[in-house]
Chemist: 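Take a look at the following structure, please.
Just so you know, these numbers come straight off a predicted model, no measurement behind them.
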Amino acid sequence: GEKGAERMVRVESANGNVHYYEGERGEGERGAERMVRAEFADGMVQHYEGERGAERMVQAGASEDKAAAEKRYKAMRVAELRSECERLG
């Protein structure tokens, strides 16, 4: 935002966690942002609702990208095991 009207939208930690915030300019005082989502390095995503300081988690789960990657990995692993079983007879 412009000088004096800045707002926080994202905080990235060194460990890979990212917290996302909302709070438009003109909606309350500067520093009134509230956390809406947290993404963790292991792929977990948590969604929050509520006013600043009273946020509550309303949904948690693996991100779609991580879930898709896990599904691909499992399919690949099944194919490898089938191939090995056929090879061994």
Side-chain angles (χ1 to χ4, degrees):
E2 296 175 18
K3 185 171 174 115
E6 298 92 346
R7 65 186 193 281
M8 181 170 45
V9 294
R10 181 177 65 222
V11 174
E12 297 181 18
S13 300
N15 63 4
N17 297 343
V18 183
H19 292 85
Y20 294 88
Y21 297 84
E22 284 184 356
E24 296 298 322
R25 186 171 49 188
E27 289 183 5
E29 299 178 14
R30 190 171 123 199
E33 301 88 354
R34 61 186 185 87
M35 185 169 59
V36 294
R37 188 172 79 240
E39 295 179 357
F40 299 93
D42 65 359
M44 178 66 68
V45 178
Q46 298 174 340
H47 297 271
Y48 295 84
E49 290 181 356
E51 299 301 316
R52 179 181 171 96
E55 297 98 332
R56 64 191 181 287
M57 185 175 49
V58 295
Q59 184 179 10
S63 72
E64 292 180 21
D65 293 341
K66 182 169 174 74
E70 286 180 10
K71 188 175 180 179
R72 280 192 306 273
Y73 172 78
K74 287 178 182 178
M76 180 185 69
R77 187 69 181 128
V78 166
E80 289 174 349
L81 291 172
R82 283 185 181 149
S83 175
E84 185 67 12
C85 287
E86 288 175 8
R87 187 182 69 79
L88 294 174

Chemist: If you take all heavy atoms of Arg10 and Tyr20, which pair is closest and at what distance?
Modeler: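 Reported closest heavy-atom pair: CD-CE2, 3.6 Å.
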Chemist: Which residues pass the side-chain hydrogen bond (donor to acceptor under 3.5 Å, both in side chains) test with Gln46, sequence neighbours left out?
Modeler: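 For Gln46, the residues satisfying side-chain hydrogen bond (donor to acceptor under 3.5 Å, both in side chains) (neighbours in sequence not counted) are Tyr48.
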Chemist: Do Val9 and Val36 belong to the same hydrophobic cluster, where Ile, Leu, Val, Met, Phe, Trp and Tyr are linked whenever their side-chain heavy atoms lie under 4.5 Å apart, directly or via other members?
Modeler: no
Chemist: Please report the closest heavy-atom contact between Ala38 and His19, naming both atoms and the distance.
Modeler: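 Nearest pair, atom of Ala38 first, then His19: CB-CD2, 3.5 Å.
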Chemist: Hydrophobic clustering (ILVMFWY, side-chain heavy atoms < 4.5 Å, transitive) - are Met57 and Met35 grouped together?
Modeler: yes
Chemist: Not counting sequence neighbours, which residues clear salt bridge (Lys or Arg N to Asp or Glu O under 4.0 Å) with Arg82? List them please.
Modeler: none
Chemist: Any donor-acceptor pair under 3.5 Å linking the side chain of Arg52 with the backbone of Glu33?
Modeler: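 Checked: pair present.
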Chemist: Suppose we screen for side-chain hydrogen bond (donor to acceptor under 3.5 Å, both in side chains). Which residues come up paired with Arg56, at least two apart in sequence or across chains?
Modeler: none
Chemist: Looking at residues at least two apart in the chain, or sitting in another chain, which of them share a salt bridge (Lys or Arg N to Asp or Glu O under 4.0 Å) with Glu86?
Modeler: none
Chemist: Partners of Glu51 by salt bridge (Lys or Arg N to Asp or Glu O under 4.0 Å), sequence neighbours excluded?
Modeler: none
Chemist: List the atom of Asn15, the atom of Ala41, and the distance in Å for their closest heavy-atom pair.
Modeler: O-CB, 3.4 Å
Chemist: What's in the same ILVMFWY side-chain cluster as Val78, cut-off under 4.5 Å, chained through other members?
Modeler: none
